[in-house]
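Side chains included, hydrogens not; waters and symmetry mates left out as well; all remaining heavy atoms used.
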Amino acid sequence: MAGDVIELGDAEFQREVLESNEPVLVDFTATWCPPCRILAPVIDSLAAEYKGRMKMAKLNVDDHPRTPEQYGIRAMPTLLFFKGGKVVKQVVGAVPRAKLEEAVRQVL
């Protein structure tokens, strides 16, 4: 994992995501999920590219089940985009980089 992607747990979610001054992309992921592994390098790359404009974070749904349950996460990977503490966009599945980058630009 690149140093630009924050690894979240249920305990840090409020502070790192909901109280963040910048938009946040949260990747709800699992170690057993092949599409999640495909998407991981794309998120790492976007985290470096958009550093300072959008925070990128990952939350392992198996290790931290409370937050995914709260947001109704049923499929992995699910990416939620937060702005001002609210979900403003959702992307489900291992989508192409161009589609993910378009979503990032829309949220910014």
Side-chain angles (χ1 to χ4, degrees):
M1 178 184 302
D4 294 325
V5 178
I6 300 165
E7 196 153 333
L8 289 177
D10 290 328
E12 300 86 23
F13 194 83
Q14 175 79 29
R15 176 177 36 86
E16 291 289 344
V17 178
L18 302 180
E19 296 173 4
S20 177
N21 291 326
E22 61 188 340
V24 185
L25 180 159
V26 179
D27 175 14
F28 290 88
T29 187
T31 56
W32 49 262
C33 165
C36 298
R37 288 193 297 269
I38 291 168
L39 198 57
V42 175
I43 293 173
D44 291 343
S45 172
L46 289 173
E49 189 175 329
Y50 288 92
K51 187 174 187 168
R53 294 188 286 162
M54 179 176 282
K55 190 185 297 187
M56 307 278 177
K58 294 184 181 198
L59 188 140
N60 184 309
V61 299
D62 292 325
D63 295 341
H64 306 281
R66 191 179 63 206
T67 302
E69 183 178 305
Q70 181 181 350
Y71 287 95
I73 304 300
R74 300 281 179 255
M76 265 61 70
T78 294
L79 308 173
L80 294 183
F81 293 80
F82 290 82
K83 196 170 191 177
K86 306 256 188 272
V87 176
V88 294
K89 190 159 194 64
Q90 176 177 312
V91 175
V92 178
V95 298
R97 179 189 168 94
K99 183 171 182 176
L100 190 52
E101 196 163 10
E102 178 184 328
V104 168
R105 284 194 303 268
Q106 287 174 354
V107 171
L108 288 174

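Residues Ile6 and Phe82 fall within the same hydrophobic cluster, defined by Ile, Leu, Val, Met, Phe, Trp and Tyr side chains chained together at heavy-atom separations under 4.5 Å. Under the 4.5 Å side-chain heavy-atom criterion for grouping Ile, Leu, Val, Met, Phe, Trp and Tyr, Val24 is connected to Leu18 within one hydrophobic cluster. Both Val87 and Val17 are part of a single hydrophobic cluster, where members link through side-chain heavy atoms under 4.5 Å apart. Linking Ile, Leu, Val, Met, Phe, Trp and Tyr whenever their side-chain heavy atoms come within less than 4.5 Å leaves Val92 and Leu39 in two separate clusters. One hydrophobic cluster, built from ILVMFWY side chains closer than 4.5 Å, holds both Val88 and Val95.
Between the CG atom in Leu79 and the CD1 atom in Ile73 there is a gap of 9.0 Å [rounded to 0.5 Å]. Atom OH of Tyr71 and atom CZ of Arg66 lie 11.0 Å apart (nearest 0.5 Å). From Lys83, atom NZ reaches atom CG of Asn21 across 12.5 Å, with rounding to the nearest 0.5 Å. A distance of 10.5 Å separates OG1 of Thr29 from CG of Asp63, quoted to the nearest 0.5 Å. For the atom pair CG (Leu59) and OG1 (Thr78), the distance works out to 11.5 Å, reported to the nearest 0.5 Å. Considering CZ of Arg97 and CD1 of Ile43, their distance stands at 11.0 Å, rounded to 0.5 Å.
Pro77 and Ala94 get closest at one heavy-atom pair: CG-N, 4.0 Å. The heavy-atom pair separating Lys51 from Asp4 by the smallest distance is NZ-OD1, 3.1 Å. Of all heavy-atom pairs spanning Glu22 and Met54, the tightest one is OE1-N, 3.8 Å. Looking at every heavy atom in both residues, Arg37 comes nearest to Thr31 through NH1-O, 2.7 Å. Shown here for Pro68 and Val61, the closest heavy-atom pair between the two residues is CG-CG1, 3.7 Å. Considering all non-hydrogen atoms of both residues, Phe28 and Met76 come closest at O-CG, 3.5 Å.
With sequence neighbours excluded, no residue forms a side-chain hydrogen bond (donor to acceptor under 3.5 Å, both in side chains) with Glu12. Residues that satisfy the side-chain hydrogen bond (donor to acceptor under 3.5 Å, both in side chains) test with Gln90, not counting sequence neighbours, are absent from this structure.
Residues Leu108 and Tyr50 are in side-chain contact: their nearest non-hydrogen atoms beyond the backbone lie under 4.5 Å apart. When side chains are defined from C-beta on, Leu46 counts as touching Glu101, because their heavy atoms get closer than 4.5 Å.
Summarising the local packing, CD of Glu19 is surrounded by more than 12 heavy atoms from other residues, nucleotides or ligands at distances under 6.0 Å.
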